[in-house]
Structure formats: structure tokens, C-alpha cells
Student: 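The structure is given below, and queries will be raised subsequently.
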Amino acid sequence: DQQVKQNSPSLSVQEGRISILNCDYTNSMFDYFLWYKKYPAEGPTFLISISSIKDKNEDGRFTVFLNKSAKHLSLHIVPSQPGDSAVYFCAASDAGGTSYGKLTFGQGTILTVHP
Amino acid sequence: DAGVTQSPTHLIKTRGQQVTLRCSPKSGHDTVSWYQQALGQGPQFIFQYYEEEERQRGNFPDRFSGHQFPNYSSELNVNALLLGDSALYLCASSLAGGGYQPQHFGDGTRLSIL
């Protein structure tokens, strides 16, 4: 039962353009969503999060959008840089319930930014 | 500001053996969670420790157990190792006070079972 899905295994974009990574979820109890970036041989690095009371959150080049009715979120990276090349994971939790921050992850999307 | 540290980095064991992995949380954090990441998959939640008690558990057998010490560091123990236990084991720490806190990960322990 895959409660968080990233349907695109990979994405390739040109440097300077926008990267859009997508994530869908099925559990309507999820109310806190996060994006992580992972380089080989390193642990996931926290990028940005959003709670279900908002529909957008920005931090520098990174913006996360949440569409609760569609149970969909996306991460926009503008402009994309070669150093952004990594695996990106979407994660969700029922933070306001009894899950105490248990994160459920998607399978990841490999982003490649070409110079 | 020290981040989450895990040891060892790599470990090779044989089937049936037991293993202990260790984690020191980020400075100021008091909650530790453990995840298992198989190749090509996202991390899977094993359990979370807070105030030296297991607060929540994922869908893992009792062979997986843990402990949290008064200094908030934690251990993950796996008994009767199976080939399928080969994975990257990640520790994450966060602040208590509900789940609206991002978890910060260490670089993991790569466990290989022969």
C-alpha cells in the first residue's frame, strides 16, 4: 500500500530552467509534507516543508505547492543548477495525530541538471 | 553545530548474527527515529524513541529493537539477521512538541548480509 507516490523515476532539465518534481498521496490524514534531497553516500537533507493549512511555501530557489483536494504536491526549483542533481524524496506525516512525526516516503525522483 | 552522526559507516554480517547500530542526534534534539532504505526505494519507518521509550513502531518484526539513552543517543539492534536485512539504515533526529518538525538525517550505516 503505497501511500506516497512519486510517479516519475527521473527528470532531466537544462541549467537555468525550472525543475518540477511531483508527488501524490492517498492518506487524507497526512497534514505535514516535506521534501528531501539525497546525494550518493549521504543521508537525506531536509529542503522545505509545508503544513496542510497552507498551499504554498517558498525558501529561496525552492517552492512547494500543496493541492489538498487533489492530494498532490510539487517542488519547483528555479533556476536549476548542476549542483541540484540528486535524488529527491517526498515525505508525509499525520503530524497532528498520533503518528508523532512518522514519515512516509515516496520512491524518489532522480533529477539531473545539465550545464 | 554537530549534525546527526551514525556508526559504523559500513558493516558486513552473516545470516543469523546480531548487529547493533548507533546514532547521536543533532545538538538540541531529543527524538530519534530509525528508517531502513532498500536499494531504489524510499526510507521505511522502523520506530521512534522519545524520553527513552519507543513511542511508535512501523511494520517491522520484533527482531528489530532499539534503545534510547539519557543523553538522547540511540541504538538499533537487529537479531537473527536475514539476507533481506541488507539495506542502508538511517537515523533521524528532531525536536519533540508534536510532529510539525523536520527530521534531520545522518549519513546512514550500510549493512550487508552474506
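Sequence lines set the chain letters: A, B, ... in the order given, protein chains first and strands last, and positions in each chain run from 1.
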Student: Should Leu95(B) and Tyr49(B) be regarded as members of a common hydrophobic cluster, given that ILVMFWY residues are connected when their side-chain heavy atoms come within less than 4.5 Å of each other, either directly or indirectly?
Tutor: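 Different clusters: Leu95(B) never reaches Tyr49(B) through Ile, Leu, Val, Met, Phe, Trp or Tyr contacts under 4.5 Å.
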Student: Using non-hydrogen atoms and a 4.5 Å limit, figure out which bit of Gln37(B) sits close to chain A: side chain, backbone, both or neither.
Tutor: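 Answer is side chain: those atoms of Gln37(B) sit under 4.5 Å from chain A.
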Student: Are more than 12 heavy atoms, taken from residues, nucleotides or ligands other than Lys13(B), located less than 6.0 Å from that residue's NZ atom?
Tutor: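 Correct, the count exceeds 12.
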Student: What about Leu21(A) and Ile50(A), same hydrophobic cluster or not, with Ile/Leu/Val/Met/Phe/Trp/Tyr joined at side-chain heavy-atom distances under 4.5 Å?
Tutor: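 Yes, Leu21(A) connects to Ile50(A) through the hydrophobic network.
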Student: What distance separates Glu42(A) CD from Leu90(B) CG, expressed to the nearest 0.5 Å?
Tutor: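 Interatomic distance, Glu42(A) CD to Leu90(B) CG, rounded to 0.5 Å: 12.0 Å.
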Student: With a 6.0 Å cut-off (strictly less than), is the heavy-atom count around OH of Tyr72(B), excluding the residue itself, greater than 12?
Tutor: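 No, OH of Tyr72(B) has 12 or fewer neighbouring heavy atoms, counting only those of other groups under 6.0 Å.
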Student: Given the options Gly58(B), Cys91(B), Pro43(B), Ser33(B), which has more heavy-atom pairs under 4.5 Å with chain A than any of the others?
Tutor: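 Sorted descending by pairs with chain A, the first entry is Pro43(B).
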Student: Check for me, please, whether Leu75(A) and Ile20(A) land in the same ILVMFWY cluster - side-chain distances under 4.5 Å, paths through other members count.
Tutor: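 The answer is no; the residues belong to distinct hydrophobic clusters.
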Student: Check the surroundings of atom CD1 in Ile18(A): do more than 12 heavy atoms from other residues, nucleotides or ligands lie under 6.0 Å from it?
Tutor: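 Counting other residues, nucleotides and ligands, CD1 of Ile18(A) exceeds 12 neighbours.
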Student: Looking at CD of Gln103(B) and OG of Ser49(A), how far apart are the two atoms once the value is rounded to the nearest 0.5 Å?
Tutor: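 Going from CD on Gln103(B) over to OG on Ser49(A), the span is 11.5 Å.
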Student: With the 4.5 Å side-chain cut-off for hydrophobic clustering, are Leu88(B) and Ile113(B) part of the same group?
Tutor: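 Leu88(B) does not cluster with Ile113(B).
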Student: Which residues, numbered in order, of residues 26-37 of chain A come under 4.5 angstrom of chain B by heavy-atom distance?
Tutor: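 So the qualifying residues are Asp31(A), Tyr32(A), Leu34(A), Tyr36(A).
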Student: Has Asn71(B) got more than 12 heavy atoms of other residues, nucleotides or ligands less than 6.0 Å from its CG?
Tutor: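 Result for CG/Asn71(B): enclosed.
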Student: Give me the atom names and distance for the closest heavy-atom approach of Lys102(A) to Tyr35(B).
Tutor: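 What the structure gives for the nearest pair is C-OH, 4.3 Å.
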Student: Examine Phe105(A) and Tyr25(A) and state if one hydrophobic cluster contains both, with Ile, Leu, Val, Met, Phe, Trp and Tyr joined whenever side-chain heavy atoms are less than 4.5 Å apart.
Tutor: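 No, Phe105(A) does not connect to Tyr25(A) through the hydrophobic network.
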Student: Looking only at heavy atoms, what is the nearest atom pair of Gly106(B) and Pro44(A), with distance?
Tutor: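 Looking at all heavy atoms of both residues, the closest pair is O-CD, 4.4 Å.
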